[in-house]
Amino acid sequence: MKCNDESSYFPCLQTCKTLNRLKSVHAHLLVCGSIASSDLILNKIIRLYSRFGATDYARKVFDEITERNPFLWTSMIHGYVENSQHTEAFYLFRDMRSLDVTPLNFTISSILKVFGRLKWSRDGEGMFGFIWKCGFGFDLIVMNSVIDCFMRCGEVDCARQVFEEMEEKDVVSWNSMISGYVNNGRLEIALELFDGMDEKNVVSWTSVICGYVKKGDMVEARNIFETMPTKDMAAWNVMISGYIDVGDVHTASFLFRAMPHCDTGTWNLMISGGYAKNGKPSAALELFKNFRKQSSLELDETFILSVISACSQLGIVDSVESVISDDVVGSRYFSDSRVVNSLIDLYAKCGNIEKASQVFEAADKKDFCCYSTMIAAFANHGLVEKALSLFEDMQRKNFEPDEVTFLGVLSACNHGGLVDEGRRYFKQMTKEFGVEPTDKHYACMVDILGRGGFLEEAHEMILSMHLAPTSAVWGAMLAASNVHRNAQMAEIAASELFKIEPENSGNYILLSNIYAAAGKWRDVARVRALIREHHVKKNRGSSWIELGSAVHEFVRGDVSHVDADRICFILSLLKEDMKLSGYIKDKDLHPISTVYPSYLSLSGDTEMDEELF
DNA sequence: CTAGGGTTAG
């Protein structure tokens, strides 16, 4: 590379496809010294850093420049805006004004985006007077931005007035009005404007389609879509997401296959919105694999986030681990705390607490959410001490715990049977941190107290709740009553549960089991009669395991698996082992499969497993 | 040799 010719750096900077590449070119420029003073190069570097989401780097470059021209200010402000760092953008704009730097029209349109997104319609900073003072009263770009800003603030009439008074309007002015009306729920007016336009472009058409999609009218949306002269990717995406929203995954995937080109957004829509959230995990995973195979597209943060979250809901990790973690760990995504957070969650939910912990340790950017997730992960794996010491660590680092954090902490106490600590943390949460407990916190406390034998105290806690006790709370009470064979308390809890969720078979079965254990056979018969009377259906619990890239699902009594014979054989061996190590089948009690507290949002099924033993 | 930088609507 030649070091004395700045023009040769322009094409070089343009080819920087990754942040690391940009950093090394930037480093090279710094070494060469003389180039570093060129405004044009520096501006380009600021733009590129911002585009990669590295506004902190951009700002470093910006701060080191002694004489800043309006272009540099604009680039930096815009960098913040495109990365949703609204406060930073606004403060920088204010600095610019206080130094009497004359803004460009692009500066104004960038900062107006902040006003629009934050719905600052009140002109608190004298913005609109300032625009006229700068001579932008007739600037097309600025006035278009003003329209958009008013529309986003819901000031439909102000936007209209600006629009009417503009001497010169372009297609953007019209489109801003149309989309503004659509987003303010005034489709009729949007259509009027649309019909009155002479030069419509793809944005005008898509805005109108959006209007129908918002109403859920996919028939009319489809009509417009078929009529529009040229369709770009965004238009297809709007249609696909519209079909997904109304639950028509079939048509969505038809369009998906029919569209000539698509972006990560489209894949994302189909994988996470279309399949994963509509109960078709295997289709989602299949599509994800296709994405990796066919597409040369780069993964982006939102995409990674939704794939990870889909996988963690399914508890599937192996088949996506290789693709996900190779791309994420050590890459720029890894410096996004949301990605770190969801990775921790993924590994933890899939049972790999070591890996979750490794990700946590390796991450350089951790926010309080990462701590909360890690605490909950330790707690759910029974690593009580680790959970609690991480909580202490978090406070030492001055992260403010919130309700999610405390749920993890309380859950740790629950797993460790730490009644006193549970009481203490609950008190600390409400008194010291002013966090309002949710039903989940109450459910957890009831579980801690109840299982610890303090059934009365647990009951009192429910009665003192400032919100209506949910099924999770009474469910914990019922489960605790079962542990301590307290039929009286069980009756109280069960009768509340029957009111809240009469269709849940688990409650009836649990109560009848408690009666059975107490030898109250008439009560058992009464509950069984209730089940028939209310036509309660048994929940079918299922479990699944991932082997290689295939997911094997099992339901009770299922012998359809190809290896069913061998599985049953192994099971019988395990039963023998259990007997030999002293397990005695409890004849009086109808055995219940593991009862998880329902606030842990595990399956929650409590069903009789007579067939297993 | 010069110009180059920045941008609003779905």
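Side-chain contact, A:Ser204 with A:Asn201: a donor N or O sits under 3.5 Å from an acceptor N or O.
For A:Arg47 and B:dG5, the CZ to C1' distance is 10 Å, given to the nearest whole Å. When the P atom of B:dT8 is taken as reference, atom CG of A:Leu112 falls 11 Å away, rounded to whole Å. Between A:Phe136 atom CZ and B:dT7 atom P the separation is 14 Å, expressed in whole Å. Between the P atom of B:dA9 and the NZ atom of A:Lys169 lies a distance of 19 Å, rounded to the nearest Å. Between A:Arg152 atom CZ and B:dT8 atom P the separation is 11 Å, expressed in whole Å. As a whole-Å value, the separation of A:Met166 CE from B:dA9 P is 14 Å. At whole-Å resolution of the value, CD1 in A:Ile147 and P in B:dG10 are 12 Å apart. When the P atom of B:dA9 is taken as reference, atom CD of A:Glu199 falls 17 Å away, rounded to whole Å.
Pairs of residues two or more places apart, or lying in two chains, that qualify as side-chain hydrogen bond (donor to acceptor under 3.5 Å, both in side chains) and include a residue from residues 78-89 of chain A are A:Arg47-A:Glu82, A:Thr55-A:Gln85, A:Arg59-A:Tyr80, A:His78-A:Ser110, A:His86-A:Arg117.
No engagement by A:Thr74 is indicated, since no non-hydrogen atom pair under 4.0 Å with the nucleic acid exists. Residue A:Val202 is in base contact, counting any heavy-atom pair closer than 4.0 Å across all strands shown. Within the 4.0 angstrom heavy-atom criterion, base atoms lie near A:Asn69. Counting any heavy atom pair closer than 4.0 Å across all strands shown, A:Asn43 reaches a base atom.
For A:Leu40, counting side-chain heavy atoms from C-beta on, the closest listed nucleotide (B:dG4, B:dT7, B:dA9) is B:dG4. When the nucleotides B:dG10, B:dT7, B:dA9 are ranked by their closest atom to the side chain of A:Val171, B:dA9 comes out on top.
No more than 12 heavy atoms of other residues, nucleotides or ligands shown are found within 6.0 angstrom of CD on A:Glu167. Other residues, nucleotides and ligands contribute only 12 or fewer heavy atoms inside 6.0 Å of the CD atom of A:Glu67.
A cation-pi arrangement is found for A:Lys60 relative to A:Tyr57, the charged atom lying closer than 6.0 Å to the ring centre and inside a 45° cone about the ring normal.
Not one side-chain nitrogen or oxygen of A:Lys113 sits closer than 4.0 Å to the OP1 or OP2 atom of B:dT7.
Not less than 6.0 angstrom separates the ring centroid of A:Trp174 from the ring centroid of A:Phe194. Taking the six-membered ring wherever Trp is involved, the centroid distance between the rings of A:Phe128 and A:Phe150 falls below 6.0 Å.
Below the 3.5 angstrom threshold, one finds a donor paired with an acceptor across the side chain of A:Thr206 and the base of B:dG10.
Contacts with DNA chain B (heavy atom under 4.0 Å) in residues 213-243 of chain A: A:Asp232, A:Ala234, listed by number.
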